[in-house]
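Right, one structure below, let's go through it.
When a ligand or atom number is given, it counts from 1 through the structure's own listing order.
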Amino acid sequence: MSPSPLLQMANISKSFGSNQVLTDINLDLYEGEVIALLGENGAGKSTLIKILGGIYKANRGEIFINGEKKDIRNAGVAGENGIRIIHQEIVLVPDRSIADNVFLGREYVTKTGLIDKKRMEYETQKLLDDFGINIGADQNVRNLPIGMQQLVEIIKAISAEAKIVVMDEPTSSLSQSETQKLFEIIALLKKRNIGIIYISHRLEELFEVTDRIIVLRDGNIVAVTNTKDAKREELITQMVGRTLSSYYTRNPHEVGEVALEVKNLCHEKFFTDINFEAHYGEVVGFAGLVGARRTELMKTVFGAIKKKSGEILLDGKKIEIERPSDAIKAGI
Ligand code: ADP
Ligand code: MG
C-alpha cells in the first residue's frame with residue numbers, strides 16, 4: 001500500500017451564488033512532490049487554493065492532511081497545519097528589514113520583553129544563506145528589487161514549520177536569474193519533504209519544475225499527467241478545450257502605411273539609439289526580460305519620461321512630445 005498522501009482534497013465543490021466555480025475536485029499531493037495547477041483565467045485555481053488556505057469555505061468536500069480529516073475553518077487553522085500560501089501580490093512591509101518581515105507577528109522577545117532583533121536577524125540570515133540568496137537580513141525591503149522581494153516572501157512563508165507550500169504565479173515578476181533561484185529553492189524544499197502546489201500558465205516552467213500536472217477547466221479537473229509524459233500541445237488542448245490550431249487565431253488584415261516612427265531615441269541611462277516603426281493595422285511586440293527597459297522606452301515615447309535625444313514621427317511628420325498631454329493630443 002502506498003503511504004497516505006500529505007494532502008488530499010476530496011470532492012471539493014464551491015459556488016458563488018449561482019456560479020458553480022469548482023465541481024467535485026479530487027487532488028492529492030505527496031511529500032516532496034511538486035504538482036502544477038494549470039488552467040486558463042477563471043478556471044478556479046485560486047479559489048481551490050483559497051479553500052485550502054481557509055480563506056473560502058467549500059460547499060462540499062473534505063480535506064485530509066497525512067490521512068487525518070481537517071476542518072480548515074480559517075487562515076489560522078491552515079497555518080497551524082503547515083499550509084503556506086504565497087499570493088501573487090507582495091504583502092511585505094516596505095520600511096522594515098527583511099528579518100522584521102520574516103518574523104512579523106511572531107517576533108522573538110528577550111527576557112526583558114524587548115524584541116530580539118539580533119536573534120531574528122541571525123535566524124533570517126541563516127535562511128537566506130541556506131537558500132543561496134545573497135543579501136543581508138538587516139536590509140530594508142524597500143531597497144530590494146521586486147523579484148528579490150518575491151523571494152523574501154517565499155522565505156517568510158517557509159520560515160515557520162511548513163508542510164505544504166502553494167505558489168500562485170510566483171514567477172510573474174521574477175527575472176530569469178531570480179526564476180532560476182526560485183527553482184533551486186523548490187529543489188531544496190522537495191529535499192525537505194515539503195509538498196508544493198505550483199500555479200503557472202508558463203508551460204516551460206512546469207516542465208522544468210513539477211512532477212505532475214493537473215489541468216483545471218471551468219472548475220473541473222480534466223487531466224492529470226506525470227510531467228515526464230506530458231506533451232505541450234495536449235496540455236493546451238486540455239486547458240482551453242479546443243485544439244491548438246484554434247488557440248492562436250489570426251484575423252486576416254492588411255498592414256498599412258507607417259504610423260509611428262522612432263529614430264535614434266536615447267535616454268540618459270536606460271537606452272541608446274532605439275529605432276522602430278509601427279504601421280497602421282500592425283501589432284508590434286517588444287520582448288525582453290524584466291528590467292530590459294521596455295516600459296521606460298514606451299514611457300519616453302509617450303512623454304512620461306524625458307528623452308535625451310532622438311526623434312518621433314507621426315504620419316511622417318516630426319512631433320515634439322514633452323509631456324503625456326502632447327502625446328495624447330497627437331493621438332497616441
Ligand atoms: P483562476 O485563479 O483559475 O483564474 P479563480 O479561482 O480566481 O480562477 O476564479 C474562478 C471563478 O470564480 C471565476 O469565474 C471568478 O469570477 C469566480 N470568483 C472567484 N472569486 C469570487 C468571489 N469572491 N465571488 C464571486 N465569484 C468569484
Ligand atoms: Mg488565479
In this structure, which one of Asp24, Asn11, Thr23 forms a side chain to side chain donor-acceptor pair (under 3.5 Å) with Arg60?
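With Arg60 as partner, side chain to side chain donor-acceptor pair (under 3.5 Å) holds for just one option, Asp24.
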
key: In the protein, N/O/S atoms that are found under 2.8 Å from the Mg ion (ligand 2), waters not counted   =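 For the Mg ion (ligand 2), the protein N, O and S atoms that sit under 2.8 Å away are Ser46 OG.
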
Exercise for review: Kindly give the heavy-atom pair with the smallest separation between Ile133 and Lys181, and that separation in Å.
Suggested key: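 Distance-wise, the nearest heavy atoms are CG1-CD, 4.1 Å.
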
### Query
How about Ser159 and Arg106: does a side-chain donor come under 3.5 Å of a side-chain acceptor?
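Yes, a side-chain donor-acceptor pair sits under 3.5 Å.
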
Do we see a donor-acceptor contact under 3.5 Å between the side chains of Asp211 and Asn226?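 Side chains of Asp211 and Asn226: no pair found under 3.5 Å.
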
| query | Near ligand 1, which residues have a heavy atom under 4.0 Å away from one of its atoms? | reply |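 Under the 4.0 Å cut-off, ligand 1 touches Phe16, Asn19, Val21, Glu40, Asn41, Gly42, Ala43, Gly44, Lys45, Ser46, Thr47, Tyr56.
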
- Query: Any side-chain heavy atom of Lys318 within less than 4.5 Å of one from Glu320?
  - Reply: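 Yes - at least one pair of side-chain heavy atoms lies under 4.5 Å apart.
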
**Asked** Are the charged groups of Glu153 and Lys156 less than 4.0 angstrom apart, N to O?
**Response**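 Lys156 and Glu153: not salt-bridged.
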
- prompt: Any ion pair linking Arg192 and Asp130 (charged N to carboxylate O, less than 4.0 Å)?
  reply: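 Yes, charged N to carboxylate O under 4.0 Å.
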
Exercise. Given Lys45 and Asp168, is the salt bridge (charged side-chain N to carboxylate O under 4.0 Å, His left out) satisfied, shown in steps?
Worked result: CA-CA 9 Å; Lys45 306 180 295 292; Asp168 199 347; over 6 Å; no

_side-chain contact (heavy atoms from CB on, under 4.5 Å) evaluation trace for Leu29 with Val34_ = CA-CA 8 Å; Leu29 170 69; Val34 184; over 6 Å; no

